[in-house]
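I have placed the structure first, in the form of structure tokens, so that the comments after it can refer back to it.
Chain A is the first sequence line, chain B the second, and so forth, proteins listed ahead of strands; every chain is numbered from 1. Worth knowing before you read on, the calculation uses all heavy atoms, side chains too, and leaves out hydrogens, waters and symmetry mates.
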There are 2 protein chains.
Amino acid sequence: MVARDSTETRRRLLAAADKLFYGEGIRAVGVDAVAAAAGVTKRTLYYHFASKDHLIEAYLDGRDLPTLERYRGLIADPAAPAAQRIGQIFALVENNARHPDWRGCNFVRAAAEFAGSVGHPARIGAARHKKRFEGWLRELLEAEGVGDAADLARQIMILFDGAVTQILIHRDTSYAKAAGAAALMLLRAHQTEGVPQARTSRRSRATRTVRQELWRNV
Amino acid sequence: MVARDSTETRRRLLAAADKLFYGEGIRAVGVDAVAAAAGVTKRTLYYHFASKDHLIEAYLDGRDLPTLERYRGLIADPAAPAAQRIGQIFALVENNARHPDWRGCNFVRAAAEFAGSVGHPARIGAARHKKRFEGWLRELLEAEGVGDAADLARQIMILFDGAVTQILIHRDTSYAKAAGAAALMLLRAHQTEGVPQARTSRRSRATRTVRQELWRNV
DNA sequence: GTCTATATGCCGATAGAC
DNA sequence: GTCTATCGGCATATAGAC
């Protein structure tokens, strides 16, 4: 009853921030530009977000689960083997990176921009997302009965962000293939060592956010 | 005859830029701060560098070879096997990252900050350095007679930047161990497939720059 | 070569009207 | 809830003296 189309305005502000922050960098974009892109004035932006840092926080938070869900939902067949799932993760990276507007991983870039600001919301948001992503990888591998699932998940996480970084730097998507091949070699090595267990599977949850450019993240 | 202590002033400006850009980010630091840290006025900075972009370019260029030489010079014994060399690369990453002022890789962070600016000197400098680093890895592996040296070098490069990124995000140096272990597993896999060749070795060149904080890069 | 002083504009953030 | 108008500060870059 208190808000007219307040949530809609806020949504538009977030969408504008998302587009501009990802496209040009967080520090490179002023609050003026975000407000203008959302079709409101700066004062309205500051009504919805207490500061630019709060806007940054909301921007990264809005990307966290949708990005995860994008990868969670990769495989329609819940019985697909781990090797296939891992392969498709890196195939998705490669496809995303082919989009002309792709600019790497917003979490990594945010953490890089604010590397010098301890406790900054951008660093907290980035760390939370990456931890979630690594945790999802670990669960996936555990469900497949891979031995040392935590170790392998961490190594795949490293390959993942490493590939994204190299692709961004060289604008060469073939790094995704190299990383995917490495991940499969590591998976094979771990599977030889590990003890096979009963397999379980999980269902993905639907994302709670509005339409997003799904190619965008990593 | 034309310059009094011009080269010294320029050196101080570069040293100040290096410290500030790495510590707080390139866009986060203004030319005022760089000039002040170097003990000169802005006008003097603009006498030595045509623009901030030129200063950024010189900053990254000044880190390129010294960083490479730091890794080149890792192993005193030229007869050390590849596994030992690879292991020490990631051990160096871990040690560097333990320094309280460590902030990840300046090339990756520069590329991340200017991901939206096509053709920016920061992106060019980052790409050149990473290509050189990957090339050095390839030469190192070729000299050891590793089969598919180019492929493995690329995978180790991915693990390298991936680990640095994760360490920066989580402030957890153990990612270097995970990456090092993965690199050794991949090396072993490649060595089983590859055909052993006669070994050659190379000597490192001395760096041409002044004293630098060697822990700083990656 | 380095200085003082300044041009010009955008930065994040706020006051107060409606 | 959104507006107009504005604050003080800092951004990159430059003019001209010495």
Q | Non-hydrogen atoms of A:Arg216 and A:Arg63 that approach each other most closely | A | NH1-NH2, 3.3 Å

Q. Want to settle it: does A:Val31 or B:Thr41 sit nearer the 5' end of DNA chain C, counting the closest nucleotide to each?
A. B:Thr41

Could you give the [atom1]-to-[atom2] distance, from [X] to [N], as a whole number of Å?
X	N	atom1	atom2	result
A:Phe49	C:dG12	CZ	P	15 Å
A:His48	C:dT14	NE2	P	16 Å
A:Leu45	C:dC11	CG	C1'	13 Å
A:Ile26	C:dC11	CD1	P	15 Å
A:Lys52	D:dC10	NZ	C1'	14 Å
B:Glu24	D:dA11	CD	P	11 Å
B:Arg27	C:dC10	CZ	P	15 Å
B:Asp32	D:dG8	CG	P	20 Å

Q: Answer yes or no: does a side-chain N or O of A:Tyr46 lie under 4.0 Å from OP1 or OP2 of C:dA13?
A: yes

(Q) Under 4.0 Å from OP1 or OP2 of C:dT2: is there any side-chain N or O of B:Thr9 that close? (A) yes

(Q) Ignoring hydrogens and geometry beyond distance, is a side-chain donor-acceptor pair present between A:Arg98 and A:Asn95 at under 3.5 Å? (A) yes

Q. Do the side-chain N and O atoms of A:Asp172 and A:Ser174 include a donor-acceptor pair separated by under 3.5 angstrom?
A. yes

Closest to side chain of [X], choosing from [options]:
X	options	value
A:Arg43	D:dA11, C:dT2, D:dC3	D:dC3
A:Thr44	C:dT2, D:dT12, D:dC3	D:dC3
B:Lys42	C:dG12, D:dT12, C:dT2	D:dT12

Q.
So B:Val34, base contact, sugar-phosphate only, or nothing? Heavy-atom distance under 4.0 Å.
A. nothing

(Q) Would B:Arg103 pass as a cation-pi partner of B:Tyr22, given that its NZ or CZ must be under 6.0 Å from the six-membered ring centre and within 45 degrees of the axis? (A) no

Q. About how many Å separate CZ of A:Arg85 and CZ of A:Arg72, when rounded to the nearest 0.5 Å?
A. 11.5 Å

